[in-house]
Each structure stands twice: as structure tokens, then as C-alpha cells.
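Here the structure comes first, spelled out in C-alpha cells, and everything after it is commentary.
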Amino acid sequence: MIDEAKVQQAVKLFLEAIGEETKREGLADTPKRISNMCKEIFGGIGKDASEHLRVTFEAEGKGIVMEKEIPFYSVCEHHLVPFFGKAYIAYIPDGRVIGLSKLARAVETYARRPQIQEQLTAQVADAIMENLKPKGVMVMMEAEHLCMSMRGVNKPGTKTMTLVCRGEFEENQALQASFFQMLR
């Protein structure tokens, strides 16, 4: 739960600390706008993706199910600036499948909190394994981090890739190759 009053106070203090005049027209409502933004971009704090992954459906298929290019936005917990990109999720059903939109909702749940990409990738994979109980899951995320693009090393366009394998994907090179083939 976002404490709007504290966020607004903190934003006002921050603006004052960097030498801004908080009463000027362009900044007068900024603390309120930032508290509203925080409710949205940090809406995953305290939430569990299980709420989206509980409902499954019987399915006889034995192949790989993939959802790719799921857009996500998150905030780097080290610098509090955004990182954004796409998630790619594949799983091997063990008699049950999940609604496709639920995979995107799981990504969004974990992305909407201060986060690091490595942890985000693992959280999504683990939530799918725990709730759907597939034979295996593979999650890959590709993102641009503004903490690297607009500050520090200043290398815009650089992408960070993370990959997590669980279950049958962990050691089966053929399944991993199938995942990468499906990306094309």
C-alpha cells in the first residue's frame, strides 16, 4: 500500500534538495502526480502472481507452449529508474495449461515493484512451476536499463538478457534449442 502523503512529502523534499522551486507552476502538482504514478508502477508490491496462475485447464498436448514478446516495464531497485523490455515464456504442460493472458499478468505482477532483471526472470519461472506444475519452464527477458543508458556508462540501446530454466528445460539441450528456434 502506497502512503501517498509520504511520497508527496519525499518528492517535495527531493525537489527542494536539487535546488528547484516547488511552488512554480510546472512543479506545483508534481508531488501528487508522482504519488499517483507510484500506485501504478509499484502496484505489484505485496502481490503474488499466484492469483493469476491458479486457474488451469485440462489439455492433452505434450508440446511446448510459448508466449513471446510480452512487454514489461519495471524500476531498477538500485537507481529507481526504469528498465523495460520483453519477456519470452515457454512451458511443457503436464496435463494442464494456463490462459495465455495469465502469463503476461504474472510478468506484470513481479515487474511492478523495485526490482532487478535477474530476480524478475527467476520469480516468473518459479511462479509458473509452483502454480501450473509443468514438466518444465524457460523464461528469457531482454531489457534496456535506463540506469545504464542515461547515466553512468551512457550506452543507450544496450540490452541485458536473462534466462532461467526449470524442470526438463534445465539439462535438455534439445528442448532449449526448440525454445530458441521458436523465438525466430
Side-chain angles (χ1 to χ4, degrees), residues 1-54 67-89 98-131 137-164 183:
M1 182 79 173
I2 301 292
D3 184 330
E4 294 181 57
K6 280 187 178 180
V7 171
Q8 290 177 33
Q9 180 183 18
V11 170
K12 186 175 183 216
L13 287 171
F14 173 77
L15 291 170
E16 289 170 355
I18 64 170
E20 275 290 353
E21 174 50 57
T22 60
K23 291 184 177 136
R24 75 175 171 85
E25 183 180 14
L27 291 177
D29 292 330
T30 296
K32 177 68 174 162
R33 286 192 292 270
I34 297 295
S35 70
N36 287 334
M37 177 190 71
C38 286
K39 287 188 284 188
E40 183 177 342
I41 67 174
F42 298 123
I45 294 174
K47 292 191 178 169
D48 185 351
S50 296
E51 68 183 88
H52 303 296
L53 300 172
R54 285 190 185 116
E67 185 80 11
K68 65 183 194 175
E69 298 187 12
I70 302 167
F72 71 88
Y73 304 87
S74 194
V75 174
C76 167
E77 68 183 28
H78 300 140
H79 302 99
L80 293 182
V81 295
F83 67 95
F84 57 94
K86 294 183 179 176
Y88 304 81
I89 302 171
I98 192 88
L100 295 177
S101 70
K102 305 310 183 195
L103 296 174
R105 291 184 189 284
V107 170
E108 186 172 292
T109 297
Y110 292 118
R112 290 186 179 269
R113 56 183 71 173
Q115 186 66 276
I116 61 172
Q117 184 177 333
E118 298 87 343
Q119 180 175 287
L120 173 58
T121 308
Q123 287 173 330
V124 171
D126 292 341
I128 294 167
M129 284 299 289
E130 181 181 323
N131 290 279
V137 67
M138 198 161 168
V139 177
M140 182 176 82
M141 294 193 171
E142 172 185 57
E144 181 170 351
H145 293 248
L146 293 185
C147 56
M148 187 170 157
S149 298
M150 64 184 282
R151 57 156 305 278
V153 73
N154 288 297
K155 297 296 178 201
T158 302
K159 300 287 191 303
T160 299
M161 305 287 295
T162 50
L163 179 70
V164 170
L183 291 179

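Between the CD1 atom in Ile98 and the CG atom in Asn131 there is a gap of 7.5 Å [rounded to 0.5 Å]. Within the model, atoms OG of Ser149 and CD of Glu144 stand 3.5 Å from one another, a figure rounded to the nearest 0.5 Å. Atom CG in Leu146 sits 11.5 Å away from atom CE in Met148 (nearest 0.5 Å). Distance check: Lys12 NZ to Thr22 OG1 gives 4.5 Å after rounding to the nearest 0.5 Å. Summarising the geometry, atom CE belonging to Met141 is positioned 13.0 Å from atom OG1 belonging to Thr160; distances are rounded to the nearest 0.5 Å. For the atom pair CD of Glu16 and CG of Leu27, the computed distance is 11.0 Å after rounding to the nearest 0.5 Å.
Counting only N and O atoms by type, the side chains of Glu77 and Gln119 include no donor and acceptor under 3.5 Å apart. Side-chain N/O atoms of Thr162 and Gln117 include a donor and acceptor closer than 3.5 Å.
Taking the six-membered ring for Trp and thresholds of 30 and 60 degrees, Phe83 and Phe72 have ring planes more than 60 degrees apart, a perpendicular arrangement.
Asn36 places no side-chain N or O within donor-acceptor distance of the main-chain N or O of Ile34, the cut-off being under 3.5 Å. In this structure, Arg112 contributes its side chain and Glu40 its backbone to a donor-acceptor pair below 3.5 Å.
Residues forming a ring pair (Phe, Tyr, Trp, His ring centres under 6.0 Å) with Tyr110 (at least two apart in sequence, or on another chain): none. A search for side chain to side chain donor-acceptor pair (under 3.5 Å) contacts involving Asp3 returns nothing, not counting sequence neighbours.
A salt bridge does not link Glu51 to Arg105: none of the charged side-chain nitrogens sits closer than 4.0 Å to a carboxylate oxygen.
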**Study point:** Intermediate values then yes/no, side chain to side chain contact (heavy atoms under 4.5 Å, CB included), Ile41 and Tyr73
**Key:** CA-CA 8 Å; Ile41 67 174; Tyr73 304 87; over 6 Å; no
